[in-house]
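The structure appears right after this line, and notes come after that.
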Protein chains: 2
Amino acid sequence: MARPPHAREKVLLAYAQLLVEGERAATMDAVATRAGVSKGGVLYHFPSKDALAEALLGRFAEVSAADVKAMQDDPDGPVRNFIRTSWETDADLDPVYRAVMRLAHAGHEGALGMLESLHDDWLRELETETGDAALAKTVMLLGDGLYHQASMPGRWSQQQFSDLDELLAQVDRLLGR
Amino acid sequence: MARPPHAREKVLLAYAQLLVEGERAATMDAVATRAGVSKGGVLYHFPSKDALAEALLGRFAEVSAADVKAMQDDPDGPVRNFIRTSWETDADLDPVYRAVMRLAHAGHEGALGMLESLHDDWLRELETETGDAALAKTVMLLGDGLYHQASMPGRWSQQQFSDLDELLAQVDRLLGR
DNA sequence: GTCTATACGGGGATAGAC
DNA sequence: GTCTATCCCCGTATAGAC
């Protein structure tokens with residue numbers, strides 16, 4: 001957090017947004033325009049495009065750690081927390097997660113590694129609650145499915161399920177509750 | 001099918017492969033090299049890069065129609081067929097599907113539309129078998145989860161489940177079988 | 001039908017003014 | 001700390017030879 005120069009923050013945000021719209025759309029020029037600064041201004045804060053990606057990954061590390069913590073602390077348990085946060089799209093993690101996913105799709109090794117690591121953390125929590133590896137993996141798959149749908153640009157099948165409860169009912173069924 | 005000039009086929013295949021490795025990697029130059037022809041050779045068969053994308057979508061229409069048909073005709077029923085084919089990665093559809101997904105991620109409208117349409121077809125078949133819309137959507141989500149994992153470059157969590165049977169057992173449980 | 005040569009545009013990055 | 005000007009590389013596409 002730590003109040004960094006406001007412009008830097010806006011640039012990073014613009015970069016993340018543009019990534020979600022398509023990795024190709026995230027040019028230095030487009031980032032500058034959206035952030036309301038000039039190309040040179042962007043390059044001042046981030047000396048290269050890769051520096052921009054690294055900064056995004058740093059942000060990702062922060063929010064994903066917080067996400068795992070929230071999963072552990074949720075009174076409803078990790079499974080329900082996981083399904084809920086995979087469903088909701090306005091969480092802290094979501095926009096950053098989707099941006100990093102684009103980087104991974106584009107072949108960025110660091111992005112790929114961090115996603116895998118978060119994936120592992122999630123799975124560990126799910127296994128802890130369910131005590132059943134196969135079951136945990138199945139819940140994981142449901143979350144991945146939601147992210148798959150969310151990863152599409154535009155408004156792909158936005159409302160597959162009418163609401164979160166309809167989906168949670170299915171999860172309960174799977175858990176034999 | 002119809003035996004088109006062999007080179008054309010090789011070019012299209014190379015393009016699809018490169019797309020999966022990363023949309024940015026699929027340059028005309030890279031396609032030419034992988035297909036074993038020159039840049040000019042590629043441009044002879046496909047007058048523009050967009051023509052290459054259109055040809056891929058045409059191929060996708062063919063194999064996805066065949067996929068839905070196979071789903072309907074499978075003696076095990078649409079659900080098991082869907083889960084099995086989402087799990088397996090060597091099917092006819094798979095490489096083309098993944099390539100088109102990259103195009104969609106890059107913001108290609110046509111690719112997005114065709115994926116949505118196939119998605120709708122799948123869902124209809126699942127609903128027909130289960131007679132339960134929410135259940136069908138849940139199965140759909142599992143398949144999407146598998147594709148999400150498969151959509152990552154490299155060997156992301158290649159074997160989440162040790163084998164297909166472990167996953168099918170979970171599906172049976174969900175269906176109450 | 002396939003290749004070489006080349007024109008053209010866009011994106012990343014540097015230098016230096018303000 | 002932010003901007004303008006500029007260079008260079010790479011990717012697409014055209015022209016035309018073989």
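A note on names: the letters A, B, ... follow the listed sequences, proteins ahead of strands, and every chain is numbered from 1.
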By nearest nucleotide on DNA chain D, pick out whichever of Gly40(B) and Lys49(B) is the more 5' one.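 Its nearest nucleotide being more 5', the pick is Lys49(B).
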Apply the salt bridge (Lys or Arg N to Asp or Glu O under 4.0 Å) test between Asp74(B) and each candidate in Lys69(B), Arg84(B), Arg80(B); give the one that qualifies.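 Testing Asp74(B) for a salt bridge (Lys or Arg N to Asp or Glu O under 4.0 Å) against Lys69(B), Arg84(B), Arg80(B) leaves exactly one candidate, Arg84(B).
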Identify, residue by residue, the members of residues 12-22 of chain A with a heavy atom below 4.0 Å from DNA chain D, and return them in order of residue number, or none. none
If you check the [X] side chain, which of [options] turns out closest?
{"X": "His45(B)", "options": "dG11(D), dT2(C), dA13(C)", "result": "dT2(C)"}
{"X": "Tyr44(B)", "options": "dT2(C), dG12(C), dA13(D)", "result": "dT2(C)"}
{"X": "Ser48(A)", "options": "dC3(D), dA13(C), dT12(D)", "result": "dA13(C)"}
{"X": "Ala7(A)", "options": "dT12(D), dA13(C), dT2(D)", "result": "dT2(D)"}

Please report, rounded to the nearest Å, how far the [atom2] atom of [N] is from the [atom1] atom of [X].
{"X": "Glu9(B)", "N": "dG1(C)", "atom1": "CD", "atom2": "P", "value": "16 Å"}
{"X": "Lys39(A)", "N": "dG12(C)", "atom1": "NZ", "atom2": "P", "value": "7 Å"}
{"X": "His6(A)", "N": "dT2(D)", "atom1": "NE2", "atom2": "C1'", "value": "12 Å"}
{"X": "Leu43(A)", "N": "dG12(C)", "atom1": "CG", "atom2": "P", "value": "9 Å"}
{"X": "Leu52(A)", "N": "dG12(C)", "atom1": "CG", "atom2": "P", "value": "10 Å"}
{"X": "Phe46(B)", "N": "dA13(D)", "atom1": "CZ", "atom2": "C1'", "value": "16 Å"}
{"X": "Arg8(B)", "N": "dT2(C)", "atom1": "CZ", "atom2": "C1'", "value": "16 Å"}

If we ignore hydrogens and angles and just use 3.5 Å, is the side chain of [X] paired with the main-chain N or O of [Y] as donor and acceptor?
{"X": "Arg24(A)", "Y": "Ala106(B)", "result": "no"}
{"X": "Ser117(B)", "Y": "Gly113(B)", "result": "no"}
{"X": "Arg102(B)", "Y": "Ser151(B)", "result": "yes"}

For Pro47(A) and Arg24(A), take the nucleotide of DNA chain C holding the closest heavy atom to each; which residue's nucleotide lies nearer the 5' end?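 Going by which nucleotide is closer to the 5' end, it is Arg24(A).
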Going by an N to O cut-off under 4.0 Å, is there a salt bridge joining Glu9(A) and Arg59(A)?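 Yes, Glu9(A) and Arg59(A) are salt-bridged.
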Check whether any side-chain heavy atom of Val37(A) sits under 4.5 Å from a side-chain heavy atom of Tyr44(A), and report yes or no.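 No, side chains not in contact.
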Regarding Thr27(B), tell me which of base, sugar-phosphate or nothing describes its non-hydrogen contacts under 4.0 Å with the strands shown. sugar-phosphate
Heavy-atom closest pair (Ala133(B) atom, Glu127(B) atom, distance to 0.1 Å) is CB-OE2, 3.8 Å
